Amino acid sequence: MLVVSRTVVLPDSEIEITAIRAQGAGGQHVNKASTAIHLRFDIQASSLPPFYKTRLLEARHHLITAEGVVIIKAQEYRSQEMNREAAIQRLINLIRELTTVEKARRATRPTRASKERRLEGKSRRSSVKAMRGKVR
C-alpha cells in the first residue's frame, strides 16, 4: 500500500514494477545484474479519486504518456531495492506535485505609506543625481 496523502492510498497491485539491466558504466556488474527498475502506473485503471485522475491526465508531464500511463525508470543506485524505493517515491512525488491546488491570488493595492516611501526615495535619488552636475 502506497500512502499518497491522508485520504488517498494506492494498492501495490496497481503498480507494475519490473527489473531491467541498468545502462552506463559499472563494469561486469552492469552486464550481469538487473538492478534498474521500470515502473508503470496506469492512471485511468487506478483507484485514484476522479479529481486526481483528471489533474494527472490533463498535466503535460514528460513522465506521463498520451495514453495516461506513468513510466518511471530508476537506475541511480547499485541495489535493486534502493532503485525500487526511489521509483515509488518519484511516483508519489509526481502525484502530489500535480494534484496540489494553488491558492488563488487576491489583488491588493499599495498602501499610502508605501507610495510615500517610494516617492521620497525617488526624490532623494533625483537630488543626488542633480548634485553630480558641473559647478557653475
Side-chain angles (χ1 to χ4, degrees):
M1 299 285 273
L2 295 179
V3 178
V4 178
S5 69
R6 285 182 286 176
T7 57
V8 179
V9 177
L10 287 175
D12 294 332
S13 60
E14 293 182 358
I15 299 169
E16 180 185 327
I17 295 177
T18 53
I20 57 174
R21 286 203 298 248
Q23 298 171 322
Q28 191 63 32
H29 181 71
V30 166
N31 301 330
K32 296 189 309 186
S34 298
T35 56
I37 293 294
H38 197 257
L39 182 142
R40 293 175 64 85
F41 175 69
D42 190 0
I43 297 169
Q44 292 172 330
S46 69
S47 62
L48 287 172
F51 169 74
Y52 278 63
K53 285 184 183 181
T54 54
R55 289 292 296 251
L56 289 171
L57 292 172
E58 289 173 357
R60 306 276 301 143
H61 200 276
H62 69 280
L63 294 177
I64 302 174
T65 64
E67 294 81 35
V69 178
V70 178
I71 299 175
I72 295 174
K73 183 178 180 185
Q75 60 180 6
E76 304 93 61
Y77 303 103
R78 290 179 56 122
S79 151
Q80 187 182 95
E81 188 57 40
M82 288 179 71
N83 281 329
R84 178 180 286 117
E85 293 299 321
I88 290 171
Q89 192 58 47
R90 279 168 48 191
L91 175 67
I92 291 171
N93 290 344
L94 175 75
I95 293 172
R96 286 180 183 163
E97 175 187 327
L98 295 179
T99 56
T100 53
V101 179
E102 293 289 324
K103 187 175 162 185
R105 184 189 179 280
R106 207 171 58 212
T108 59
R109 303 178 97 180
T111 62
R112 183 187 300 168
S114 68
K115 286 181 188 176
E116 288 173 2
R117 279 193 304 269
R118 181 180 64 88
L119 293 174
E120 204 275 313
K122 284 169 75 79
S123 65
R124 189 181 314 123
R125 194 82 194 130
S126 170
S127 65
V128 166
K129 288 189 173 189
M131 298 297 243
R132 290 184 186 157
K134 288 192 174 185
V135 178
R136 292 192 178 112

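This is a predicted model, so every value here is computed, not measured.
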Paired with Asn93, the side chain to side chain donor-acceptor pair (under 3.5 Å) test is passed by just one of Gln89, Arg90, Glu97, Arg96, namely Gln89
dist Met82:CE -> Thr35:OG1 (nearest 0.5 Å) comes out at 11.5 Å
Path from Ile17 to Leu63 over hydrophobic side-chain contacts below 4.5 Å: yes
>> Using only atom types and a distance under 3.5 Å, with no angle test, would you say the side chain of Arg55 pairs donor to acceptor with the backbone of Ile95?
In response: no
Check: Less than 4.5 Å apart, any side-chain heavy atom of His38 and any of Ile71?
Finding: yes
Gly68 and Asp42 have their tightest heavy-atom pair at O-OD1, 3.5 Å
### Query
Is the shortest heavy-atom distance from the side chain of Val8 to the side chain of Thr99 under 4.5 Å?
no
Residues Glu76 and Ala86: closest non-hydrogen pair is OE1-CB, 3.5 Å
Quick one, Phe41 and Leu48 - any side-chain contact, counting heavy atoms below 4.5 Å? yes
Rounded to the nearest 0.5 angstrom, the CG-CG distance for Leu56 and Leu94 is 6.5 Å
All heavy atoms of Ala22 vs all of Gln75, minimum pair found to be CA-OE1, 3.5 Å
Return all side-chain donor-acceptor pairs below 3.5 angstrom for residues 127-134, not counting sequence neighbours, or 'none' if the list is empty.
| residue | atom | partner | partner atom | Å |
| --- | --- | --- | --- | --- |
| Ser127 | OG | Arg124 | O | 2.8 |

To the nearest 0.5 Å, atom OG1 of Thr100 lies from atom CG of Leu98 at 7.5 Å
d(Ser47 OG, Lys53 NZ) to nearest 0.5 Å is 7.5 Å
| Hey, any chance Leu57 and Val101 share a hydrophobic cluster, counting ILVMFWY side chains that come within less than 4.5 Å of each other, even indirectly? | yes
Hey, quick one: are Leu91 and Phe51 part of the same hydrophobic cluster, counting side-chain heavy atoms closer than 4.5 Å, chains of contacts allowed? yes
Residues Gln80 and Ser34: closest non-hydrogen pair is NE2-O, 2.6 Å
Closest non-hydrogen atoms of Val4 and Ile92, given as atom of the first, atom of the second and distance, are CA-CG2, 4.5 Å
Distance col, row Ile37:CD1 vs Thr18:OG1, nearest 0.5 angstrom, shows 7.0 Å
Practice prompt. Answer yes or no: is there an ion pair linking Glu120 with Arg117, defined by an N-O contact shorter than 4.0 Å?
Written response: no
One should read off an interatomic distance between Asn83 CG and Lys73 NZ, to the nearest 0.5 angstrom, of 10.5 Å
